[in-house]
Amino acid sequence: MKTLKNTKIGSTVRVVKLYGEGTVKRRVMDMGITRGVDIYVRKTAPLGDPVEVTVRGYELTLRKADAEMIEVQ
């Protein structure tokens, strides 16, 4: 299973499935990350956390824990 956390910088991936429960999953979905959406990985912080991505035309920063819940292809 490939997650957003493992995606290389400069790659564009498509969301396959969201994991997580209740409010955590809802928060990720409210940010515009839903099944089938394309995500471009822009960069990561020097220590690897957080990850900056572009989704639906805007820039978003995600913690590694949140990025690990997003399965991509």
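Remember, predicted model here, so these are calculated numbers, not experimental data.
By the rule that hydrophobic residues join a cluster once side-chain heavy atoms approach within less than 4.5 Å of another member, Val15 and Met1 end up as members of one cluster.
Contact of the Glu52 side chain with the Tyr40 side chain is not registered, since no non-hydrogen atoms from C-beta on lie closer than 4.5 Å. Using a 4.5 Å heavy-atom cutoff, the side chains of Lys2 and Gln73 are not in contact. At a threshold of 4.5 Å between non-hydrogen side-chain atoms, the residues Lys5 and Val51 do not count as touching. Ile39 has its side chain out of reach of Thr12: every pair of non-hydrogen atoms, C-beta onward, lies at least 4.5 Å apart.
Residues Arg42 and Thr61 bring no donor and acceptor atom of their side chains to less than 3.5 Å of each other.
Checked for salt-bridge contact, Asp49 and Lys64 miss the test: no charged N lies under 4.0 Å from a carboxylate O. One finds a salt bridge joining Arg27 and Asp66 here, because a Lys/Arg side-chain nitrogen approaches an Asp/Glu carboxylate oxygen to under 4.0 Å.
Looking at every heavy atom in both residues, Val16 comes nearest to Val72 through CG2-C, 3.8 Å.
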List the steps and the verdict of side-chain contact (heavy atoms from CB on, under 4.5 Å) for Thr54 and Leu60.
-> CA-CA 6 Å; Thr54 301; Leu60 179 65; over 6 Å; no
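Here the side chain of Arg56 pairs a donor or acceptor atom with the backbone of Gly32 at under 3.5 angstrom.
Across Leu18, Val28, Leu62, a single residue satisfies side chain to side chain contact (heavy atoms under 4.5 Å, CB included) together with Met69, and that is Val28.
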